[in-house]
Amino acid sequence: MALCVVTTAMFCACGSSQKTVTPGGTTKGTQQSSWGTKKEESDSQKEAEKSPATRSWGEAVNHRLSFAKSYAEGQARAALARAISGIIKTATQESDLQWNKYAGSETEGSSVTDEGSKADGLYLQIAEEIVSNTVVIKTDTYMQPNRQYHVFVCVEYQGDMSNMTNNIVKKVKQKVPDEDRLKMEYQFNKFEEKIKEELEKKNKER
């Protein structure tokens, strides 16, 4: 009997090393490697990875489901905005398009500010306007043992990469006065091409 108990304990311990408990309390197989246990991705994460240029995912934990969903959506949109902001920054620098000098208010222009931080704020502002056109396309909800909800969401921009490019260029052009916009037509064309290039590069990360 003692041998049987020991054998059973060894079997259970062996089996548990190959599984992990998800937030919902169920067990699923995971991949083992020399670096440790690789946790399984949620469906929302997998959906986001299908189109990194126009999708993003977020997660949150809260004892109220509505709060968890709201926080997760905010995380997803913030992540997408940061990615788009980086793309706008790169395209602006590589196309030598000095649109951001037109975007500050008179107060901002007369104050002593860090130009790099000011520019980054402008890039993010445009990006946040872009992600306002996103919707949730996937939600995963898990109940944790402590009765808190663990929620994953995937948000998607309502349009393809071409539409996003046009929207970004349009919003940037709105920051430049009409009389100067014509003089910068060449730089704007380069800017648009760089946006397309960076979005395509982002999509290849999947």
Leu124 with Ile87, same ILVMFWY side-chain cluster at under 4.5 Å: no
Would Leu65 and Met143 show up in the same hydrophobic cluster when neighbours are defined by side-chain heavy atoms closer than 4.5 Å? yes
Hey, what do you get for [atom1] ([X]) to [atom2] ([Y]), rounding to the nearest 0.5 Å?
X: Asn133; Y: Arg77; atom1: CG; atom2: CZ; answer: 10.0 Å
X: Asp180; Y: Lys183; atom1: CG; atom2: NZ; answer: 5.0 Å
X: Leu80; Y: Ile130; atom1: CG; atom2: CD1; answer: 9.5 Å

With heavy-atom distances below 4.5 Å as the criterion, would you say the side chains of [X] and [Y] are in contact?
X: Val172; Y: Phe188; answer: yes
X: Lys173; Y: Val176; answer: no
X: Leu199; Y: Asn203; answer: no
X: Val61; Y: Tyr149; answer: no
X: Lys175; Y: Ile126; answer: yes

Just to verify, what does Lys46 make a side-chain contact (heavy atoms from CB on, under 4.5 Å) with, not counting sequence neighbours? Glu40, Glu41, Asp43
Under the side-chain contact (heavy atoms from CB on, under 4.5 Å) rule, collect the residues that match up with Asn146, sequence neighbours excluded. Gln144, Gln148
Enumerate the residue pairs fulfilling side chain to side chain donor-acceptor pair (under 3.5 Å) with a member in residues 80-96, sequence neighbours excluded, ordered by first and then second residue. Lys89-Asp120, Thr92-Trp99, Glu94-Lys194, Asp96-Gln98
Residue pairs meeting side chain to side chain donor-acceptor pair (under 3.5 Å), one or both in residues 59-70, sequence neighbours left out, come to Glu59-His150
Output yes when Lys201 and Glu198 qualify as a salt bridge under the 4.0 Å nitrogen-oxygen rule, no when they do not. yes
Salt-bridge contact Glu185-Arg181 (side-chain N to carboxylate O under 4.0 Å): no
Go through the steps to decide whether Val131 and Ile84 satisfy the test side-chain contact (heavy atoms from CB on, under 4.5 Å), and finish with yes or no. CA-CA 9 Å; Val131 301; Ile84 294 173; 3.9 Å; yes
Who passes salt bridge (charged side-chain N to carboxylate O under 4.0 Å, His left out) against Lys171, sequence neighbours left out? Glu129
Geometric class of the Trp57/Phe152 ring pair [parallel <30°, tilted 30-60°, perpendicular >60°]: tilted
Residue pair [X] / [Y]: nearest heavy atoms and the distance that separates them:
X: Ala68; Y: Ala60; answer: O-CB, 3.4 Å
X: Ala76; Y: Gly58; answer: CB-N, 3.5 Å
X: Ala81; Y: Ala127; answer: O-CB, 3.2 Å

Side-chain donor/acceptor pairs under 3.5 Å, residues 153-169, sequence neighbours excluded:
{"unit_1": "Glu156", "atom_1": "OE2", "unit_2": "Arg55", "atom_2": "NE", "d": "2.8"}
{"unit_1": "Glu156", "atom_1": "OE2", "unit_2": "Arg55", "atom_2": "NH2", "d": "3.0"}
{"unit_1": "Tyr157", "atom_1": "OH", "unit_2": "Asn163", "atom_2": "OD1", "d": "2.7"}
{"unit_1": "Tyr157", "atom_1": "OH", "unit_2": "Asn167", "atom_2": "ND2", "d": "3.2"}
{"unit_1": "Gln158", "atom_1": "NE2", "unit_2": "Glu156", "atom_2": "O", "d": "3.3"}
{"unit_1": "Asp160", "atom_1": "OD1", "unit_2": "Ser162", "atom_2": "N", "d": "3.2"}
{"unit_1": "Asp160", "atom_1": "OD1", "unit_2": "Asn163", "atom_2": "N", "d": "2.8"}
{"unit_1": "Thr165", "atom_1": "OG1", "unit_2": "Met161", "atom_2": "O", "d": "2.9"}
{"unit_1": "Asn166", "atom_1": "ND2", "unit_2": "Ser162", "atom_2": "O", "d": "3.3"}

Please check if the side chain of Glu200 supplies one atom and the backbone of Glu197 the other of a donor-acceptor pair under 3.5 Å. no
